[in-house]
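Per chain, numbering begins at 1; letters A, B, ... match sequence-line order.
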Amino acid sequence: MRRQIPLLLVFVSGVFMVIQYFVPSAFAERAYEFLIDWTIIIGIFALALGIWSLVRVSYNKIRTGHPDAMYSAITLAGLGLMIFFGFEFPGVSYKEAMRVTQAKDYIQSEFSGARDAAARRVFLPESETLSLRPDSIKTILTMAADSVAHWVDIFKTSHWFSGADLEGTNLAAIMTTTEQFKSISSQYTSVSPSDSMALAGLAGRVSEVSQQGIAAVDSLKNLSDVYPLTGGLENYWFIHFFDDVMIPIQATMFSLLAFFIASAAYRAFRARSLLSTVLLLAAFIVMARLLPMGPVTIGANKLTQWILLVPNLAAKRAIVIGVGLGIVATSLKVVLGIERSYMGRD
Amino acid sequence: MLTASVSAQPANTSSADTTAQMQAIPPAPPVNVSAKDRPNDNGTGIVVKWDASPDDGAGRNNVVMYKVYRSLKPDAPFKDWVLRGQVPFGKRQYTYDDVGARDKDSKDYFPKGVDVYYRVAAVAADTFSVSGNSNAAVASDEWYNTTRTTVLVFVLVFFGFTLYFINVAKKGKTLYVRPLAGIEAVDEAIGRATEMGKPILYILGLGSASDIATIASFSVLGRVAKKVAEYQTPILVPCYDPIVLTVAEETVKTGYSDAGRPDDYKDDSVYFVTQSQFAYVAAVNGTMLRERPATNIYLGKFYAESLLLAETGAVTGSIQISGTDEIAQLPFFVVACDYTLIGEELYAASVYLNREPILMGTLKAQDYYKAFVIGVIALGLIGRMFAPDLLQAIFNIH
Amino acid sequence: MADSRNLSRIITAGIFLLLVVSWIIKAMSGMEASAWLNIRNGALTTIAAFLTLCIYSFLYGDNPFYRFAEHLFVGVSAAYWMTLGFWSTIVGNVVPRSFPALAKFFKISFNYELGTAWHFIVPLILGILLLMRLAPKMSWISRWPLAFIIGTTAGLNLPRYLQSDFIQQINNTFITLLPGWQGVGPFFSHLSLSASGQLVMISTNVVVFVGVVCGLIYFFFSKEHRGWFGVASRIGIWVLMLTFGASFGYTVMGRISLLVGRITFLFHDWLGIL
């Protein structure tokens, strides 16, 4: 019984996905997207399980006095620090930090959007303007102005920014531009849709005002410059742990490959089996095209091109066909419940 | 205000033309506008067809493009018709696929199940004229995508092969499979580890539990776990993906139970490392240098770190058996490991170790399907020489 | 023995001295306004260089520096991915879409226009079922989300891989063995060795075709590889080895450029020599 339900689940979800491939209906496509999203979300919960395993193993090493106990402590310390910086920091809300960080981008996009909408109206040929009349531009401008005002409020009321931080920023200038937007927008109602010159004039004014607004927005400081101890992904230490601990180690590990590729080639050469000799010969020809040795290089170049074009293509195709077949066969086995080693026993 | 005619008569000039030019004469409108549901979609498309305007390439010869408009009401004023797209001039007959979105909240929402009407405008430099209404068309979704019939046929043929060979295998006939060096070496390698008293390191790769290579690796892990339980050899299984961790734990525990030693299973032998590629490799390399396993088994999906693992293992003197379907990493495994299972051989490994009739049947089905493929390729070559269009139609899948 | 221990002590001390000196120099030559910022940035670069050297010490074998860097990396990266997954997917996407009221209460910024998606309840429940694994009595229920994921992906892969890895590849192999064939006479009269000539094209296509078929024969499990079958299989594995060798040679330059990148960091960004 405990195995039957999971096997049934596998069968039903597998068959559903196979049928979905052949059905172009809207429901099938929606279902496909859902299922992909769900897999990602379940994966995140699984990560919690993984971290629990890591913590448990490290703790056990410390507890039983394993020779590597000190290093396990370092693992736990690194884990703990990153989690500390990545989550709530006392008194500081990550959620609010996200809102405030995005406020600046939103204000900027409102201004550019309004400017672009006004400009498009003038330069479109007549027949295209049926859907973009003056009253709709008015609506766009008014909405943009309201939206900007809303975001500025968020900025002002957030307890991130004290009065001192707001000095030197142009919040006042931004608010003035929104007032100007509103006044320009009301002028749109009195303009005839075919009066290109008037429309061009209004669009020009909208563009001017938007530019002023965008320039004012630039003065709003970035969050990470103002407050180094934000929680969450914006946290200064979180970012720098990533940049200065993870990235250097990662890049260095990757670069170790340069040494290893040489030692691997050397050992394969010493092994002297026929197949590995063929392999190394091909490798050498491909590498030789980079040596500055005149005719040898040119010959190697031509040969490389041939190798990459002919046997390379043939072999890859043969492997891919085999792999594709294997995947299809194993997927079929999984869906039908023949392959159930991943299920375990009761 | 623009005055566009809604009949087949030439329109008057537009008022956008404020300079004192001669009244520009618009081209004749296109004819025979028809619309029908777009096939093999999810109800968001209609195909609009029309014939060229008499002034396209002939007559006044001033057509530059055509614009397609749509409306839900056939008698709505022209300014309410929505522009859907445009095509350049130059042909005798035109086709336009009007495709929208199915999301009601999207700006491009395509109304499904209701009549829609189309008009096509022939556009010259600064004038245009509009055709009459098309027929009413309804966008509907289809329940079967006919372009994917080829895939369906191949799936069904494969299914047929599989069922046939499973039946044959169940009847007790022994099916021959050729020996694979890498798989035979697994038992030998476990024996070596037992003699040396060193652990076995089993790496399931960096794929997720849904990757087929990882699933194949689970099967082999089950067999290996059973053997190490019998011989009482320690096993280490560092995991990259947490879901793979849960399955691996399950698999190894089952192996120990199968060997009759469930209590010998150590919780910390299957453990999670991290989900970062190079951190995982750094940790596994450290483990290799410290624990000095006698045997390293790498079966699953590997990426750039494959050589780091294999080379470190080679330096510490372990026997290494590898298998992956990542073509880019196979060269490194071939060079640095003692045995390598290439692509499909990895998937076959679980069948080799566990010679159940059903599994043997599926392997045979795969083999004969490959022979079928070679036959299809040969037929296709002949077909290409004599009937290329038919071939194109069969293999052109959307 | 004492010599090598002394030597390693001297090397360790030398490296520490170098690190401290480089930190001081970086802090003093920093361009930021405040001293604290300079010290901070200097420390960060020095730490990055220190960790780089720790990893390179792996080439000498296992040692405490490598172990330190390795264990630190494991802890930091595990937490990094968990934090990222939590904030960007769960809090940033799932909660606003399935519980908009809750999200608005916590003032999570999100584009609420996208609409509520109640279906996200399902993976949340499946995720919690997965966590049940930690309770020994209920751990059997953790198989359900597993079954869901594996079943879904298997069903997804089946037709798609059949199409892309199988049917598409077969389609690509339908190359004409005789491109532009006009008869035996013209073939011999226009014989040339140029790359676009008929002879070369035909031989290329023949070789590719033979290579694919022999490769497929190599992967045949049901028949012993003897006689003509064995010959074809040998040709197949040789073609495979040629390809692997070419791949190997091709990646060498890429890997060396990674090394160059790190050396640039060490000598230019950290020591400022280059």
I want to check something: taking the side chain as every heavy atom from C-beta on, are V334(B) and F248(C) in contact at a cut-off of under 4.5 Å? no

Contacts satisfying salt bridge (charged side-chain N to carboxylate O under 4.0 Å, His left out) that involve residues 324-337 of chain B (not counting sequence neighbours) are K301(B)-D325(B), K301(B)-E326(B)

Looking only at heavy atoms and a cut-off of under 4.5 Å, which of A78(C), S247(C), S222(C) has the most pairs with chain B? S222(C)

Donor-acceptor check, side chain of T153(C) to backbone of S210(B), threshold 3.5 angstrom: yes or no? no

Reported OH-to-OG distance for the pair Y280(B) and S77(C), which is rounded to 0.5 angstrom: 12.5 Å

From Y352(B) OH over to F221(C) CZ, what is the distance, rounded to the nearest 0.5 angstrom? 5.5 Å

Rounding to 0.5 Å, atoms OG1 (T246(B)) and CG (L146(C)) come to a distance of 5.0 Å

Partners passing salt bridge (charged side-chain N to carboxylate O under 4.0 Å, His left out) against R262(C) (at least two apart in sequence or in another chain): none

What is the distance from atom CD of E344(B) to atom CZ of F220(C), rounded to the nearest 0.5 Å? 10.0 Å

Is any side-chain heavy atom of R290(B) less than 4.5 Å from a side-chain heavy atom of R67(C)? yes

Name the orientation class of the two ring planes belonging to F154(B) and F166(C) (parallel below 30°, tilted from 30 to 60°, perpendicular beyond 60°). perpendicular

With a 4.5 angstrom heavy-atom cut-off, which part of M241(C) approaches chain B: side chain, backbone, both or neither? side chain

So for T251(C), is it side chain, backbone, both, or neither that comes closer than 4.5 Å to the heavy atoms of chain B? side chain

Spell out, as yes or no, whether a donor-acceptor pair under 3.5 Å connects the side chain of D62(C) to the backbone of L289(B). no

Looking only at atom types and distance, does a side-chain atom of R178(B) sit under 3.5 Å from a main-chain N or O of H225(C), one as donor and one as acceptor? no

Part of A348(B) lying under 4.5 Å from any heavy atom of chain C: side chain

